[in-house]
Amino acid sequence: QVQLVESGGGLVQTGDSLRLSCAASGRTFSRYAMGWFRQAPGKERKLVAAISGSGSRTYYEDSVKGRFTISRDTVKNTLYLQVNSLKPEDTAVYYCAATDNDWLAGPYDYWGQGTQVTVSS
C-alpha cells in the first residue's frame, strides 16, 4: 500500500523559509516522478514543482521559480520542497503526490494528506 506523509508546514512570516518533507512508503519511488501541489482557499489544486525518478528533470510553476527547490533522497524514499522568500500568496495546503510513470505532468495517482503553510504579512 502506497503511503505519502508530509511534514514541515507551519506559520511563518513574509521572507521566511521552510523545508517540506514527504516520506514515501509502499514501493520503490526512484523510478517514478513525484511532485508538490498546493491548494489555497477557494482555488484549484495546482502543481508547483515536480521531479523525475532520477532527479535529472524538474519543473517549477512560474510564480515559484527561483524561490522553491524540489529534491529527493532515493535512499530515504523522501521528497523535499525547500521554500524560500515566502510570500502571503504562498499560503496554502501543500500536497505531495506520486505518479505511476516518469512524466512530470502526471497523472498523479497517489496523494498525501497535506501540510498547511501560512505566511503572515
Side-chain angles (χ1 to χ4, degrees):
Q1 181 181 355
V2 173
Q3 271 199 313
L4 302 174
V5 180
E6 302 97 333
S7 61
L11 172 62
V12 297
Q13 295 185 331
T14 298
D16 284 352
S17 299
L18 285 172
R19 188 173 81 156
L20 307 183
S21 299
C22 172
S25 61
R27 70 170 186 185
T28 301
F29 281 85
S30 58
R31 295 171 57 188
Y32 305 102
M34 296 186 72
W36 287 96
F37 288 72
R38 69 184 180 187
Q39 187 168 21
K43 295 190 177 181
E44 291 186 354
R45 191 174 298 187
K46 191 174 183 180
L47 179 65
V48 294
I51 188 167
S52 63
S54 68
S56 62
R57 293 176 289 119
T58 57
Y59 160 83
Y60 295 97
E61 194 267 331
D62 285 346
S63 69
V64 307
K65 283 180 181 176
R67 301 189 298 122
F68 290 14
T69 303
I70 190 171
S71 62
R72 63 193 303 165
D73 184 327
T74 54
V75 174
K76 294 182 179 179
N77 242 9
T78 301
L79 180 72
Y80 301 102
L81 186 68
Q82 179 68 39
V83 296
N84 298 329
S85 303
L86 282 162
K87 306 174 182 180
E89 51 264 43
D90 294 318
T91 295
V93 178
Y94 284 72
Y95 297 91
C96 168
T99 69
D100 269 333
N101 53 62
D102 204 26
W103 302 331
L104 302 186
Y108 286 83
D109 299 304
Y110 307 100
W111 295 85
Q113 82 288 351
T115 186
Q116 176 72 47
V117 173
T118 303
V119 185
S120 64
S121 57

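Here the side chains of Gln39 and Tyr95 are in contact, with some heavy-atom distance below 4.5 Å. Within the 4.5 Å cutoff, the side chain of Val2 has no heavy atoms near those of the Asp109 side chain. Side-chain contact between Phe29 and Leu79 is absent, with no heavy-atom pair separated by less than 4.5 Å. Residues Thr115 and Ser7 have side chains not in contact (no heavy-atom distance under 4.5 Å, counting atoms from C-beta outward). Here the side chains of Asn101 and Pro107 are in contact, with some heavy-atom distance below 4.5 Å. Residues Leu81 and Arg38 form no side-chain contact, since every pair of their non-hydrogen atoms from C-beta on lies 4.5 Å or further apart. Taking 4.5 Å as the limit, some side-chain heavy atom of Gln116 sits within range of a side-chain heavy atom of Thr91. At least one side-chain heavy atom of Tyr110 sits less than 4.5 Å from a side-chain heavy atom of Asp100.
Nearest heavy atom pair, residue Tyr60 against residue Phe68, reads CE2-O, 3.2 Å. Nearest heavy atom pair, residue Asp73 against residue Val75, reads OD1-N, 3.0 Å. Nearest approach of Ser30 to Thr74, heavy atoms of both residues: CB-CG2, 3.7 Å. Nearest heavy atoms, Ser121 versus Pro88: CB-CG, 3.9 Å. In this structure, Leu4 and Ala98 approach most closely via the heavy-atom pair CD1-N, 3.9 Å. Across Ala33 and Asp102, no two heavy atoms sit closer than the pair N-OD1, 3.4 Å.
Under a cutoff of 6.0 Å and an axis angle of 45°, Arg45 and Tyr108 do not form a cation-pi pair.
Between the CG atom of Leu18 and the OG1 atom of Thr118 there is a distance of 10.0 Å, given to the nearest 0.5 Å. How far NZ of Lys65 is from OG1 of Thr58: 9.5 Å, rounded to the nearest 0.5 Å. Between the CZ atom in Arg72 and the CE atom in Met34 there is a gap of 6.0 Å [rounded to 0.5 Å]. Distance CG/Asn77 to SG/Cys22: 9.5 Å, rounded to 0.5 Å. Between the CD1 atom in Ile51 and the OG atom in Ser56 there is a gap of 8.5 Å [rounded to 0.5 Å]. To the nearest 0.5 Å, atoms CG (Asp16) and OG (Ser120) are separated by 8.0 Å.
With hydrophobic clusters built from ILVMFWY side chains whose heavy atoms lie under 4.5 angstrom apart, Val83 does not share a cluster with Tyr80. Grouping the Ile, Leu, Val, Met, Phe, Trp and Tyr side chains by contacts below 4.5 angstrom, directly or via other members, places Phe37 with Val93. Residues Trp111 and Tyr59 fall within the same hydrophobic cluster, defined by Ile, Leu, Val, Met, Phe, Trp and Tyr side chains chained together at heavy-atom separations under 4.5 Å.
Dense packing is recorded around CD of Glu89, with more than 12 heavy atoms of other residues, nucleotides or ligands lying under 6.0 Å away. At most 12 heavy atoms of other shown residues, nucleotides or ligands fall within 6.0 angstrom of atom CZ in Arg31.
In this structure, Arg57 contributes its side chain and Ser52 its backbone to no donor-acceptor pair below 3.5 Å. Side-chain atoms of Gln82 never come within 3.5 Å of backbone atoms of Arg19 as a donor-acceptor pair (strictly under, hydrogens ignored). A donor-acceptor contact shorter than 3.5 Å is absent between the side chain of Gln113 and the backbone of Val5.
Between Asp90 and Lys87, no side-chain nitrogen of the basic residue sits less than 4.0 Å from a carboxylate oxygen of the acidic one, so the salt-bridge criterion is not met.
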